[in-house]
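This chain uses plain numbering: 1 for the first residue, then up along the sequence. In each ligand, atom 1 is the first atom listed, and ligand 1 is the first ligand listed. Keep in mind it's a predicted model, so treat the numbers as computed, not measured.
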Amino acid sequence: MVKYKEKLEEQKVFIDGEWTMSSKGDTYSIINPSTGKTFVECQKCDVGDAKRAIDAARDAFDNGPWPEMSFEARTKIFYKVSDMIAEKAWEISKLDASCNGVPAMQHATTVMDMAPHFKYVCERAKELAEPKGVTGEFPMDQTVWREQDGVIAIITPWNVPFWQMALKLPSALISGNTVVFKPASQTPISVLAVAGMFEEAGLPKGALNVITGPGSVVGAEMAKSDKVDHIAFTGETATGKGIVQNAAGNLKKVTLELGGKSPNIIFGDIPVDEAAKLAVLGVALGNGEECFAGTRVLVEETIYEAVCKKTAEIYGSLDVGNALSLKTKIGPLVTEEQMKKVLGYIESGKEEGATLLCGGGRLQEGELKDGFFVAPTVFSNVSNDMKIAREEIFGPVISMIPFSTEKEAIEIANDSIYGLAGGVMTNDRAKAIRVARKMKTGNVFVNTWHVTSWYMPFGGYKQSGWGRLAGESGIEEFTQVKSIYADWGGFTKWLLKTLLLH
Ligand code: NAD
């Protein structure tokens, strides 16, 4: 596996069991957002490279050993990979932190948490693949078989590169599908590292292919290709809509994990200090660049002013710094472009009349001078029709909205095109579950946030996506079911005689 260095050697892509350059020899640079310096050169693949990778996966599925291998044999490979990931967790975390600016410590908790997922899927997939006999008043054997989808194209975003890979790849591969993987251009290193681990663990060639390069070229080809059976995409809602259009050619299966603008409802029975900490917890991890960040904080008016003040005090005082420093709680945003986008949203908040309580601009003092740092920012007096309440900012910005009744809180929470996550903070258990059930979101956190477990399905309602990752649902998503009717008695003879041959 590639070892962390301030500047890595040029990375190749993995096609048909070979580490190779892009066919035209083109590369692109990834800039370390903490320092503004080049971290690594990667292959800039084109449509031809995407076709090579897809062909390899197609051939490996149609003719290779992987789809026919026993679950026991596949499990051995997965266990080795899981152990390698656990052993290299800190190395992987530093690599991802140097690409996307999320603190390495935060990556490390995700990597350590996801390593066992590679083991969990083995047993669950084997159980799910067992044929299920169906009983009922029917004069034949009826059996439901769960089978592979075929060639899976996986496309992931830059914000949680390892997590997104680990939610999709093991669930896709374990059932015997083959995979073409395109990680985000900004963060391919950990996915390339895991491809190397699968190679070392003995995965047959072509079963996993990883390519890098522009999504609009390489990713679009993966979505369009008739040789792909299923595209599993995570990214922006707008990109997801393009995937659906491109996938229409062969009506391939599409699963989508898309954007969010999650409401965090805080009721008045929560003490102010605790309420403010829960507001910060919902947003602070991952530099606020998280799909399920609780960026719309809805606070009951009885405690609204006090919670806003305290939230700004806590969030505004978190350590901002280099993503590799163990002290850092908020790192730089992934790219200069993303930083400018977030600063644009902050300006729009000011223009639309929200009250800026802390932050509100770029940080460039001392060691931050060449990085893409934005100060943790809190706006109060936000109304749900402002841009900062409707659109996904994807940065360290909290928008605080007051409400007066439970009904109003639910209405505001659900007034969004997104439906990925929501939160309910109250000590009243009945109220918490009542409100959680009314939220039109795929995940709800009660008195917590950021606690996704891979035993539980993860995904969104509305424009936050189609399908679920993780848990049993995540494995099922990469399979299809077949119904087999078998007549071992005389029913078909009776049918022929009664309906046709009398
Ligand atoms: P993005 O949509 O710009 O890119 C995502 C991936 O799609 C990248 O690999 C990119 O190269 C590729 N891509 C870009 N254009 C493409 C095209 N035309 N065809 C095919 N692929 C293309 O998203 P991003 O900026 O990398 O990530 C941030 C977004 O991801 C946010 O909206 C966030 O909410 C979402 N996200 C969702 C989840 C979830 O589980 N729901 C998790 C993480 C991130």
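Heavy-atom separations between F458 and ligand 1 include at least one value shorter than 4.0 Å.
Residue P157 has no nitrogen or oxygen atom sitting less than 3.5 Å from a nitrogen or oxygen atom of ligand 1, judged on distance alone. Looking at W163 next to ligand 1, no N or O pair under 3.5 Å apart turns up. Of the N or O atoms in W158, one or more lie within a sub-3.5 Å distance of an N or O in ligand 1. Considering backbone and side-chain N/O atoms, E290 never comes within less than 3.5 Å of an N/O atom of ligand 1. Inclusion of E392 in the set of residues having an N or O under 3.5 Å from an N or O of ligand 1 is warranted. Residue-to-ligand polar distances place E236 within reach of ligand 1: an N/O pair is separated by less than 3.5 Å.
The presence of a protein heavy atom under 4.0 Å from atom 4 (O) of ligand 1 is ruled out.
Under the 6.0 Å cut-off for aromatic ring centres, Y120 and Y455 qualify, their centroids lying closer than that.
Ion pairing between a basic and an acidic side chain is recognised when a charged N comes within 4.0 Å of a carboxylate O; R58 and D229 show such pairing. D226 has no carboxylate O lying under 4.0 Å from a charged side-chain N of K252, or vice versa, which leaves the two without a salt bridge. With salt bridges taken as basic N to acidic carboxylate O contacts below 4.0 Å, one links D49 and R52. The pair E337-K340 fails the salt-bridge criterion, with no side-chain N (NZ, NE, NH1 or NH2) lying under 4.0 Å from an Asp/Glu carboxylate O.
Contacts of L258 with ligand 1, taken as heavy-atom pairs under 4.0 Å, involve the backbone alone.
Panel note: side chain S22, backbone C45; no donor-acceptor pair is recorded below 3.5 Å. Using modelled atom types, no side-chain atom of D370 and backbone atom of G36 make a donor-acceptor pair closer than 3.5 Å.
F233 CE1, 3.2 Å is the protein heavy atom nearest to atom 7 (O) of ligand 1. In this structure, atom 13 (N) of ligand 1 lies nearest to the protein heavy atom G215 CA, 3.4 Å. If you check which protein heavy atom lies closest to atom 9 (O) of ligand 1, you get T156 O, 2.7 Å. Of the protein's non-hydrogen atoms, N159 OD1, 3.3 Å is the one closest to atom 44 (C) of ligand 1. Taking atom 18 (N) of ligand 1 as the reference point, the nearest protein heavy-atom neighbour is S216 CA, 3.8 Å. Summary of contacts: the protein heavy atom closest to atom 15 (N) of ligand 1 is T239 CG2, 3.5 Å.
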**Message:** Between S98 and F39, does the side-chain contact (heavy atoms from CB on, under 4.5 Å) criterion hold? Intermediate values first, please.
**Reply:** CA-CA 7 Å; S98 304; F39 176 53; 3.5 Å; yes

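Summarising the contacts of atom 12 (C) of ligand 1 with I155, V160, V218, L167, the nearest heavy atom is found in I155.
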Donor-acceptor contacts, no H, no angles, side chain residues 25-33, under 3.5 Å, sequence neighbours left out:
from : atom 1 : to   : atom 2 : distance (Å)
T27  : OG1    : E41  : OE1    : 3.3
Y28  : OH     : S185 : O      : 2.7
S29  : OG     : E41  : OE2    : 2.7
N32  : OD1    : S34  : N      : 2.8

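Taking 4.5 Å as the limit, every side-chain heavy atom of I92 sits out of range of all side-chain heavy atoms of H107.
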